[in-house]
Each structure stands twice: as C-alpha cells, then as structure tokens.
Amino acid sequence: MKRTHHCNELRPAHIGQTVTLSGWVHSNRDLGGLIFIDIRDREGRTQTVFDPSDWTKELFEQAATLRSESVVSITGKVRQRPAGTNNAKIPTGEVEVMAQSFEVLNMAEVLPFPVDDPEVANKVNEELRLQYRYLDLRRPEMARNLRTRSKVATAIRVFMDEQGFLEVETPTLFKSTPEGAREFLVPNRREPGTFYALPQSPQQFKQILMVAGVEKYFQLARCYRDEDLRADRQPEFTQVDIEMSFIEREDIYALIEGLLQRVWKTALNVDVPTPFKRISFEEALNRYGIDKPDARFGMELVDFTEEFKGSKFGVFGKCIEGGGVVKAINARGLAGATQGQIETMTETAKGFGAKGLAYIKIENGEWKSPIVKFFSDAEKAALTTKLQIQEGDLILFAADQWLNACEILGKIRLYCADVLKTQGKLTIPADQFNFLWVIEFPLLGFDRENNRWYSSHHPFTAPVTDDIPFLKTDPKKVRGQHYDIVVNGVELGGGSIRIHQPDVQKTIFEELLQIPPDMVQARFGYMLEAFKYGAPPHGGIALGFDRLIAILCNTPSIRDVIAFPKTAKGTCLMTDSPSTVEPKQLRDLHIELKVKPVASGIPA
RNA sequence: GGGGGCGUAGCUCAAUUGGUUAGAGCGCUGCCCUGUCACGGCAGAGGUUACGGGUUCGAGCCCCGCCGCUCCCGCCA
C-alpha cells in the first residue's frame with residue numbers, strides 16, 4: 001500500500017509515528033521559508049509541513065510547485081501542532097505531518113474549475129461539471145452523495161434479506177411492449193428486423209417470478225425510458241423493485257414503512273414514525289389538488305359549490321349548473337402579490353383550459369377584486385368563515401369540472417407556497433418528512449380522443465374486490481388496488497396488488513383496454529399462459545431509488561446523486577455519447593440510415 | 001412537439017441600458033515572505049463577448065438564425 005493511514009485518521013494518539021499519506025493536493029500554502037500542503041483523500045484531509053532545514057533546495061522547491069489536485073504520497077512524522085495553530089475546522093486539526101519524503105504520483109494540470117472551495121464550486125456551470133465529472137465528484141458534497149447512495153443501497157439489501165426477500169436479476173434485453181413509455185430499442189443482428197427493448201421496469205418478470213414460487217423478490221433494478229427528461233427524470237434510472245406473494249395491501253404498507261424507517265435511520269439518523277397516514281385519491285385532490293400532496297403546510301382547497309349554487313356571479317353560477325364545482329384557497333399573507341405573480345398563476349389556470357383566474361386581495365380592510373361586487377352578503381360571509389379570511393390574505397378561485405378545478409388550485413397552491421417561502425412568510429424545516437400513502441386510485445381513465453379506457457397505473461393492477469361488478473357496467477367507478485408512497489410532495493413510488501386470474505386479466509386487456517386478442521397474445525401471451533399454471537395472488541411496489549437518494553441528500557436534481565448522469569437531451573458530455581457508428585456496424589445489423597450522420601462522434 | 005431562462009477571461013460575475021482601450025474577485029505565471037489553513041505582499045499574462053448573419057456612424061447590449069446548457073408543459077402504461 002502506498003499509504004499507512006487515510007487523511008481523516010491522524011489524532012494526537014498518533015504523535016511520534018512515521019506515516020505515509022496518499023491523496024490529492026487540496027491546497028499548497030507556500031510561506032517562503034515554510035510550506036504547508038493539505039493532502040486530501042476520500043475520507044478527509046491532513047496538513048503536512050515542509051521545513052527547508054529537512055530538505056535539499058531542489059526538493060523543497062519541487063514541493064512548492066505541487067499544483068492543486070496533483071496526486072502525491074507524503075511520508076513523515078506525526079506531531080502536535082505548535083500552541084495556537086490548531087485548526088478546529090477539521091478533525092485532524094490538532095496534529096500535522098512533518099514531511100520527510102514525498103513522491104509525485106501524478107502532476108495535475110491547471111483545473112478547469114475549482115474543486116476545493118465549496119462556495120465557488122457549487123455555482124459552477126453544470127455543463128462544465130458534467131464534462132469534467134471526475135473532478136466534480138471529488139468535491140466533498142458530491143462524494144458525500146455517492147456515499148449516501150451506497151450506504152442506503154446496502155441498508156436496503158440488508159433489510160430485504162432480513163425480511164426473507166431474494167434479490168433476483170432480470171434481463172435488460174427484453175421485448176418491446178409499446179403500451180407504456182417510449183422504449184430504447186436494440187437491434188438484433190441474428191434476425192434482421194427484430195429488436196430487443198430495454199425494460200421500462202422489470203414488471204412482467206417479477207410477476208413471473210411469483211408464478212415461479214420465489215414468493216419474495218426484490219432488485220435494485222436499472223430501468224430505461226426514452227422520454228423527455230426533467231430535474232427528476234433520467235433516461236436510465238434505478239428503482240427498488242419489490243414483489244410478494246400471498247399478501248394484501250396492508251402487507252406492502254408495513255414492509256415499506258419498515259424499509260423507509262431503516263433507510264432514514266441509516267442515512268440521516270432520523271426516526272420516522274409509523275404507520276404513515278393514508279389518504280384516498282379523491283381526498284388528496286379535494287384537499288390538495290394533486291395526487292402527491294405536500295402536506296407539510298396547509299393552504300388547503302375549500303369547496304364552495306353549495307354556497308355559489310345560483311350565484312349572481314355568472315362564471316360561478318353557470319359552472320355549477322354545468323356540473324362543475326367552485327373551490328378556493330387562501331394564500332395567507334400574499335395580498336401583496338405582484339401583477340407578474342398574478343399573471344403567472346392566471347397562465348397556470350389557462351393551461352388547464354380555464355378562461356381566467358378569479359382572486360380577492362384583502363388589503364387595508366378592503367376586499368380588492370373585480371368580482372366581489374357580484375357576491376351576495378351570504379356568499380361573502382361563507383368565504384370569510386370557511387377561509388378564515390383576515391388582513392393580508394389572497395383568495396384564489398377555480399370554477400371548473402371537479403378534477404380540473406382541483407388541479408388548477410393544486411398547482412397554484414404550490415406556486416404560492418414557493419413565493420411565500422422566498423418572502424420568508426412560510427418556513428419548512430429541512431428535516432421535516434411527511435410520508436403519505438395515497439390509495440384508492442381509479443383503476444381506469446377515459447381517453448376522449450381515442451374513445452377508450454386506459455389503465456391509470458398499469459394493466460396488471462387488480463380492481464378492489466367490491467368494485468369488480470362495475471367493470472362491465474360502470475368502469476369509472478372501479479377503484480384499483482393501487483397505492484403510491486409520497487413524501488413532501490414527491491412521488492417516491494407506487495405499486496399494486498396484481499391480477500392473478502388469467503380470465504380477469506384477459507377481460508382487462510381485451511374488453512376494457514380494447515387491445516386486439518392477437519396483439520394481447522403476441523405481447524402478453526406468455527404471462528396469461530404462466531397464470532394458468534398456479535399463479536399465487538401477489539402484489540408489489542417500486543420505489544424511485546434516485547429520487548429517494550436526492551431527498552436524503554436534500555437536492556432537487558437527481559443528477560446530483562447519479563455518478564454519470566445525462567443532460568436534458570440525453571447526452572453524456574464527458575464521453576460525448578450517443579455517437580455515430582461505423583458503416584460496418586450498421587451493415588452487420590442490416591440497418592440503413594435515412595439521415596446523414598451528424599458531424600460529431602466517429603466519422604462515418 | 002411547445003413555452004421560459006442562461007451563454008462575456010480557466011472559474012464566478014460586472015460593463016452607467018447602443019458609445020470610443022470590455023472590468024473585478026478567484027485561479028494562473030514570476031518575484032518576496034518560517035506558522036499558514038480563503039496565508040499575505042508586489043508585478044504580469046490572459047477576451048473572435050457561444051457561433052453565423054443583419055440593423056446602425058457605432059453592437060457584449062437591438063433584430064433574425066443556429067448551437068449548447070437548464071426549467072416547465074405535453075409525454076413518463
């Protein structure tokens with residue numbers, strides 16, 4: 001080994017020992033007659049001292065030229081720092097190593113951006129950080145994220161093992177099942193014109209594993225989706241994939257609550273109270289306007305449909321006549337909202353097809369609003385009471401069909417919370433975690449354009465037993481045995497009890513989803529077949545592992561917890577992928593391009 | 001597919017809103033400095049203002065195009 005200790009190890013107890021430290025030059029402070037070189041490795045850093053009386057002129061001058069981030073190995077004697085020179089900021093700050101010899105293992109060029117100063121490095125353009133990811137990952141903050149990720153992955157494996165689960169790897173060369181997200185395709189050289197697809201999730205394999213008698217399966221599974229990206233979406237990502245046999249929903253709730261408890265304890269030393277609260281899809285929409293509520297703050301939606309029935313204010317009255325609802329939120333303290341902020345919220349409402357956004361500002365004891373003059377005294381009284389209106393409030397309305405009205409105010413509620421946060425009027429502690437199970441989702445949604453039902457989760461979700469009779473009479477009423485786990489307004493994962501009877505599954509595919517029988521056979525035939533030979537009742541869940549780690553690391557972007565993430569356009573700036581390929585490779589695959597290869601990458 | 005934001009020295013940012021030689025801090029290079037840890041002091045180098053056009057007496061700034069990064073909507077069974 002080129003080291004005897006790591007750089008966060010030496011303490012007064014080591015004084016007098018001769019040690020060798022290896023790592024990167026964190027900083028080189030040349031005082032002329034004395035040089036201090038902080039050497040840093042994964043664990044931390046230690047100060048080394050070069051005294052000219054110990055060195056030839058050449059070697060001493062060489063030490064002075066050691067540039068930041070060069071890799072060195074330094075041997076010397078540990079000693080107490082002189083009185084008054086301890087550095088309380090670092091754990092090794094009571095001692096220093098008197099350098100006796102050193103070896104330059106790799107001299108670094110001048111860096112494209114600083115990695116030693118967290119203040120500056122944090123602000124460096126992400127494009128540059130991604131291009132030089134190996135430098136970016138040296139930053140303690142990024143190194144900490146990687147470490148958290150690894151620790152949590154291990155904690156999950158240990159916990160799942162304790163619970164009797166087997167980790168089983170499933171193929172990443174799968175077949176195309178075009179119902180869901182767009183897939184990445186992999187051409188098959190052996191039979192031109194056929195393709196593998198990279199799996200969007202191991203869903204079908206894990207259900208087959210239940211038929212195979214595995215009973216308790218999990219996997220840290222890599223998944224692929226060829227959709228447009230976001231701060232919390234990458235084309236390849238990792239999910240904690242879980243499936244169990246002979247269970248009900250309660251078993252999954254208990255398992256995941258235990259798992260997350262372990263994860264939070266491991267990563268943050270936080271004790272998460274269980275059981276988690278549960279909220280139905282309908283209640284979530286009614287109170288928060290979204291199916292993944294951030295319940296760390298109030299500002300809940302309040303319904304005024306009854307109060308405005310037959311209202312003189314035509315927009316509300318007519319909406320209710322047409323079967324719609326009137327809802328409102330009270331953004332406490334936001335009466336001073338700027339014209340621009342009101343405009344932003346109005347655009348949000350219009351994005352949902354609303355004509356505008358009605359609001360009331362409560363300022364200087366007055367209700368300032370273009371619409372208040374149409375309100376009756378009873379209506380005003382109802383607003384005052386149910387919204388607990390007081391000076392400085394901003395009341396925002398949505399009048400629309402139920403789902404739309406809820407979703408409009410749901411979006412505006414989150415926007416208002418952001419504005420209030422920046423104004424310091426709303427404070428949410430960083431260590432507050434609000435876990436929620438969202439349950440009783442509708443099994444199906446209706447696609448007006450194509451005039452057919454679609455699965456709101458996926459087609460393997462079992463209906464709530466009591467609702468099965470409605471499958472053929474009133475599909476909209478059928479609830480699925482589906483559940484989402486939500487924390488602080490982020491969807492951490494979701495799952496369901498699955499259908500294990502082939503006839504029910506076939507009904508869903510063919511009668512409700514209207515997939516032609518031959519297509520069902522081609523895509524899912526093997527599953528229906530498998531379910532004929534002893535399929536146990538089963539269910540499972542998948543947690544977004546990257547999102548989970550991002551929450552634990554308190555970062556909004558999952559790129560910060562993935563070692564080598566892609567950009568929003570799906571490229572890797574470090575390796576410059578994707579790239580063109582050589583003509584021979586295409587010939588082997590019997591693929592002919594209809595576009596000219598782009599200039600970048602390997603010349604064609 | 002659609003909408004918004006950004007792009008000036010190696011890095012982070014300025015540039016009196018269209019005005020003459022594009023600045024600062026850090027970094028870098030050289031010199032000085034024996035207790036620093038954001039070391040300090042002095043001096044210096046470093047720019048096709050992403051790129052391509054246009055308007056103008058004059059463009060970092062205005063217009064058009066284009067490339068890259070980013071956020072959001074659509075999309076993500």
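Below, read A as the first sequence line, B as the second, and so on, with proteins coming before strands; counting in each chain starts at 1. Nothing here was measured: the structure is a model prediction, and the numbers come from that model.
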Which residues satisfy the ring-ring contact (aromatic ring centres under 6.0 Å, His included) test with A:Phe50, sequence neighbours excluded?
->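 Listed in chain order: A:Trp55, A:Phe102.
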
What's touching nucleotides 6-12 of chain B from the protein side, N or O pairs under 3.5 Å?
unit_1	atom_1	unit_2	atom_2	d
B:G10	O2'	A:Pro112	O	2.6
B:U12	OP1	A:Asn125	N	2.8
B:U12	O2'	A:Lys123	NZ	3.3

Under 3.5 Å donor-acceptor pairs involving side-chain atoms of residues 515-526 of chain A, not counting sequence neighbours:
unit_1	atom_1	unit_2	atom_2	d
A:Arg523	NH1	A:Glu179	OE1	3.3
A:Arg523	NH1	A:Glu179	OE2	2.2
A:Tyr526	OH	A:Gln204	OE1	2.4

Do any N or O atoms of the protein come closer than 3.5 Å to N or O atoms of nucleotides 44-47 of chain B, and which pairs are they?
none

Of residues 490-507 of chain A, the positions that come close to RNA chain B - non-hydrogen atoms, cut-off under 4.0 Å |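 None, since no heavy atom is under 4.0 Å.
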
What are the residues of residues 77-84 of chain A, sorted by number, that bring a heavy atom to within less than 4.0 Å of RNA chain B?
->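 A:Arg79, A:Arg81, A:Pro82, in order of number.
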
Would you say a side-chain N or O of A:Thr344 is under 4.0 Å from OP1 or OP2 of B:C72?
->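 No, because none of the side-chain N or O atoms of A:Thr344 sits under 4.0 Å from OP1 or OP2 of B:C72.
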
Which residues share a salt bridge (Lys or Arg N to Asp or Glu O under 4.0 Å) with A:Glu9, sequence neighbours left out =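 A:Glu9 satisfies salt bridge (Lys or Arg N to Asp or Glu O under 4.0 Å) with no residue once adjacent residues are dropped.
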
Could you tell me which residues satisfy side-chain hydrogen bond (donor to acceptor under 3.5 Å, both in side chains) with [X], sequence neighbours excluded, listed by chain and number?
X: A:Thr85; value: none
X: A:Asp294; value: A:Arg296
X: A:Asp136; value: A:Arg129, A:Arg133, A:Arg139
X: A:Ser70; value: none

ring-ring contact (aromatic ring centres under 6.0 Å, His included): pairs with one or both residues in residues 110-144 of chain A, sequence neighbours excluded |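 Of all non-adjacent pairs touching residues 110-144 of chain A, none passes ring-ring contact (aromatic ring centres under 6.0 Å, His included).
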
